Every structure is written in C-alpha cells, then in structure tokens.
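Start at 1 and go down the list; that is how both ligands and their atoms are numbered. Just the heavy atoms: all of them, side chains too, but no hydrogens, waters or symmetry mates, feed the values below. Not measured: the values here are computed from a predicted model.
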Amino acid sequence: MTAESGHLEWWKTGVVYQIYPRSFQDTKGNGIGDLPGITERLGYVSETLGVDAIWISPFYPSPMVDFGYDVADYTGVDPMFGTLDDFDRLLCEVHTRELRVIIDWVPNHTSDRHPWFLESKSSRNNPRRDWYVWRDPKSDGSPPNNWQSVFGGPAWEFDEHTGQFYLHSFLKEQPDLNWRNPAVEAAMFDTLRFWLDRGVDGFRIDVAHFIMKDPEFTDNPRATPSTGDADFKDLGDYDAWEHINDKGHPDVHAVFRRLRRVLDDYDGDRFAVGEIHVFDWDEWAAYYGDGDELHMPFNFSLVWAAWDAKAIRARVEALEDAIPAAAWPNYVLGNHDEQRLATRFGPENAGAAAVLLLTLRGQPTIYYGDELGLRETPIPAEQQQDPWGLRVPGLGRDGCRTPMVWTSGDGHGFTDPDVEPWLPFGDDADMRNVETELVDEGSTLMLYRRMLRLRKARPSLVAGTIEFLDDLPEDVLGFVRTHGDERTVVFINFADEARPVDLEPGAALLLSTDHRRTTIGSGSVSLAGNEAMIIDPGDPHVV
Ligand code: NOJ
C-alpha cells in the first residue's frame with residue numbers, strides 16, 4: 001500500500017466511463033445508438049458528469065450475433081454505428097475535451113463471417129486453416145474433448161464440409177483464433193496499430209486470458225464444490241467443470257509482453273486493461289507481469305461480493321496483498337455483462353456503492369446509467385435479445401443494456417419519440433433520467449457529480465495509500481486515504497439502521513450520500529442506515 005509520488009499516468013488518476021454504443025444516443029432515429037450520438041453527448045460525459053476517459057464497447061462491422069463481440073472486421077465501423085470518419089471526429093472531440101478513449105479489442109474469437117474464418121473453413125489446406133482451432137472428431141465422431149462453451153453446450157462445432165470440429169469458447173458464430181500461430185498474432189497486433197495510429201488511448205481486451213489454451217487439448221476435470229465460490233456469478237452447467245485447460249495457459253503471458261511492446265512503441269501512455277475473470281489472486285495478479293504485461297487486469301472481485309463490510313474489506317485487502325508493489329489497482333461494480341448494481345446491492349445502497357467505487361485506491365470504471373441509479377430492467381420474454389439468455393435462461397444480459405435515459409417523455413432523449421428503442425426503458429424512466437436528476441440535489445447523478453469533483457480536489461483520494469480502520473461497528477467499513485499531509489476518511493454504513501462512529505477533533509464533513517447533511521458534530525457522528533460519508537479528519541497533530 002505504498003504512496004506514489006511524481007507523475008501519474010492518466011489511467012492511474014482518471015475515472016473511466018463505459019459506454020455501450022447501442023444504448024447511449026441514437027442520432028439516426030432507428031432506436032439504436034451510434035458513434036455520432038456519443039460525440040453529441042461528450043459534454044455530459046466530461047462536464048456534467050466529470051469523468052476522464054470513456055471505454056466504448058465494440059462498434060466494428062459485425063453480424064451482431066453477440067452484439068458486436070463477434071467482429072467481422074477489426075479495422076472498420078459497422079454502418080449501424082457510423083463510419084470511420086465518425087470515429088475520427090469522435091476521437092478528435094474526445095481529445096479536445098482532454099478526455100481519453102479506450103476501445104474494445106476482441107482477440108479470442110472473430111465472427112464466423114470474418115474473411116479469415118471463411119477462408120479457414122473453405123478447405124483443410126487453405127493457408128488460413130491454422131488461423132483457427134480445428135481438430136478431428138474422436139473415433140466415435142464426438143467432439144475432440146469435453147470443453148464447454150461459456151454460453152452453454154459443447155465448445156466445438158462440426159463442419160460437414162471439411163470433416164473437422166472448430167473451437168468456439170462462446171457462440172458457434174464466434175470461432176476462436178489460434179494464437180499459437182505467429183501469423184495470427186502479427187495480424188491481430190496490426191489491428192492494434194491501426195487504432196493506435198488513429199490516436200486511441202488504449203484497449204479493453206475482451207476475455208484476454210482465453211487466448212491461450214492447453215496445447216494438448218486435455219479434458220477439463222469436473223469441478224468439486226471447493227473449486228466453486230458462492231460469491232461469484234453462477235454460470236450454470238459451465239460451472240460443472242474446472243476450467244484449467246481451456247483458457248489461461250501460462251503461455252498467455254509472453255503474448256501480453258509482446259503486446260505491451262506494441263503499445264510502448266507509441267507515445268502518450270497507451271493503456272491496456274484485460275477482461276480477466278480469474279478468482280485466484282496470484283494467478284490474476286500475474287497479468288501485471290513485472291510491469292511489462294497488461295497495465296491491469298480488470299478487478300471484478302466486488303461485483304458479486306455480498307454487500308457486507310467484512311466481505312468487501314476482505315476482498316480489498318486480498319487485492320492489495322496480491323498485486324505487485326508498483327501495480328495500480330482498479331475496481332469495477334458494473335458492466336454490460338452484469339445485473340445493474342442498484343439491483344444487485346439494493347437501490348438503497350446505490351449511493352454508498354458510488355462512494356466505495358470512487359474512493360478505494362485504484363482506477364474506477366463507471367458503467368453508463370449507474371450514475372442515474374438505473375435498476376436492472378425486466379425484459380419481457382418476447383423482447384429478449386441476448387444470445388446467452390436465450391440459450392441459458394436466467395443469464396440474459398439485456399436488463400443492464402437498456403438505453404441511456406436523458407429526459408422524461410417518449411424516446412427519453414435517446415431516440416425519436418415515435419421510435420421504439422432496441423430494448424425497452426425501465427418503468428421508472430420518467431423519474432430516473434439525466435434531466436430530472438440534474439434538478440434534484442438528492443439524486444444519484446448529483447451524488448456522482450459531487451463525488452467526481454471531490455476526487456479531483458483531494459489528491460489523497462487518487463494517489464493516497466489506503467489503511468482500514470478497526471474498532472468500528474460491525475456493519476461499518478472505514479478507511480483512510482493518505483497522501484503527504486492530506487488525509488481523507490471514508491465511512492460506509494452497510495446496515496439499514498444508524499451506526500455511531502468516533503471522529504478526531506476538528507473533523508469536517510466533505511460529502512455524505514445524504515445531501516441534506518451539511519455538518520457533523522464533534523467527537524462522534526451517527527451514520528444513518530446505508531449512508532456513506534467522506535470526512536477530512538482534521539489536523540493529525542491536534543489529537
Ligand atoms: C466478454 C464480453 O464482455 C461479453 O459481452 C461477450 O459476450 C463475451 N466476452 C464474448 O466476447
């Protein structure tokens with residue numbers, strides 16, 4: 001838990017805001033968001049809200065079977081989202097506002113419509129055959145091994161034409177690339193350079209750990225109850241196997257060391273964060289390498305943590321213990337794959353969750369709409385679209401991908417009033433939207449605004465060390481961030497009832513999730529149920 005001093009790169013100081021492009025702003029009147037829509041809303045992102053960087057989920061040409069995570073061309077823009085010129089304009093506007101932009105890069109698999117795959121499947125001796133993972137059936141005609149697709153069913157699809165199976169860790173429309181073939185790596189690194197040359201500031205790497213599998217294609221063993229973790233999302237039948245051979249092979253680290261060199265050849269602190277769902281801390285932390293691999297693997301440990309002071313503290317301490325000394329932590333509480341945090345942690349905790357996310361040591365990523373306190377939107381069966389949910393009932397992700405709510409009234413500022421958006425708005429959209437929340441001091445949006453401004457004004461919240469406070473009521477999490485002479489104390493009450501905490505003499509309130517609270521007494525304060533508070537503890541020498 002060391003303090004850093006001197007220059008901190010933007011990705012250490014900044015707050016990232018994830019935009020799901022289908023759902024942010026429609027400028028074409030077709031009910032689907034697009035790149036010009038994001039450009040139009042940058043004022044909201046940088047000034048109204050006050051984040052520092054955006055991560056845009058895939059906008060590449062795609063059949064959209066997995067809503068863009070099935071890429072048919074890594075160096076283009078799907079006409080649904082606009083053109084390359086639209087992207088360049090967006091990037092230019094982003095940089096004019098001194099924001100940064102991270103784009104999604106999907107290296108594990110392409111679309112089955114990608115020209116590389118069309119060539120690969122055309123014949124066994126096509127030069128691109130080995131760009132994907134092809135294996136013979138077993139003698140009884142069954143798949144080469146027992147690997148399962150994350151989205152349900154076997155991870156192998158038989159191709160009648162060439163008589164072999166190809167591997168797909170996700171949908172059959174998402175064949176896995178063969179990263180053991182150097183030509184694949186070279187071609188994929190070129191796609192990074194394409195965007196780096198245009199000026200993007202970094203990449204979010206989709207299922208980064210999946211790209212290297214056991215070269216012997218060994219079966220996965222059955223999971224035992226002890227290999228599961230009740231506090232992580234239940235993936236159904238997929239969890240029946242211990243996924244030790246179908247992803248995360250140690251050879252992946254050499255690929256990321258080479259990838260890092262691609263980024264480091266560019267000026268301007270280009271950045272890579274990997275989507276890595278690995279729950280063994282040491283294995284997870286290995287993706288930092290010796291500071292020569294990914295800048296960070298995403299830390300999902302709080303997403304499915306119980307909303308409980310002890311559980312959260314244990315996970316933060318585990319993270320702090322696991323990461324190399326120079327590595328920078330990060331926190332995520334929601335994204336396009338997870339139930340909305342206000343539903344997961346309870347709407348009454350949405351404010352405290354914002355305080356937690358924005359005050360822990362490390363880079364926070366906010367998922368669009370969480371700043372409004374959006375709930376998971378119930379999607380009627382006939383409107384469900386996510387292929388995962390359609391295959392494995394209960395695992396659908398549509399409810400967290402519904403359109404951004406800008407105003408009250410039809411279309412909600414997202415699309416034209418008479419246009420049906422690609423997914424429905426929640427029933428509360430007239431109440432929970434940017435326009436309404438901006439004039440309500442007690443709204444979740446106003447809390448995020450205050451938090452983001454406070455973070456900028458308090459170096460300790462960005463660059464400070466973190467120490468947990470002991471001797472607090474059981475349901476209260478408390479920690480101190482310290483940078484130089486500045487200390488900032490955070491208290492979060494996980495209980496629904498009030499809890500008292502002691503204060504140092506001279507302590508002053510900086511922020512409460514209850515905007516009506518403007519001061520605190522001396523000596524002690526009673527935190528209301530679900531309240532979080534940020535406090536300037538006063539002069540340490542006065543004690
Ligand atoms: C992880 C992405 O976050 C998810 O949305 C996608 O479906 C899978 N990877 C497959 O690319």
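- Applying the side chain to side chain contact (heavy atoms under 4.5 Å, CB included) criterion to E376, with sequence neighbours excluded, gives Q339, R340, T343, C400.
- Put simply, the side chain of N126 never gets that close to the backbone of S122: no donor and acceptor are under 3.5 Å apart.
- Under the side chain to side chain contact (heavy atoms under 4.5 Å, CB included) criterion, A318 pairs with W281, not counting sequence neighbours.
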* **Derivation and outcome, ring-ring contact (aromatic ring centres under 6.0 Å, His included), residues W147 and F210** => CA-CA 13 Å; W147 295 358; F210 270 69; over 10 Å; no

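- Under the rule for a side chain to side chain donor-acceptor pair (under 3.5 Å), the partners of D70 that lie at least two apart in sequence or sit in another chain are S62.
- A salt bridge links D190 with R193; the closest basic N to acidic carboxylate O contact falls under 4.0 Å.
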What does the N/O contact table under 3.5 Å look like for ligand 1?
unit_1	atom_1	unit_2	atom_2	d
ligand 1	3 (O)	R204	NH2	3.0
ligand 1	3 (O)	H336	NE2	2.8
ligand 1	3 (O)	D337	OD2	2.5
ligand 1	5 (O)	H336	NE2	3.0
ligand 1	5 (O)	D337	OD1	2.7
ligand 1	5 (O)	R397	NH1	3.2
ligand 1	7 (O)	D66	OD1	3.3
ligand 1	7 (O)	D66	OD2	2.6
ligand 1	7 (O)	R397	NH1	3.0
ligand 1	9 (N)	D206	OD1	2.9
ligand 1	9 (N)	D206	OD2	3.2
ligand 1	11 (O)	H109	NE2	2.9
ligand 1	11 (O)	D206	OD2	2.7

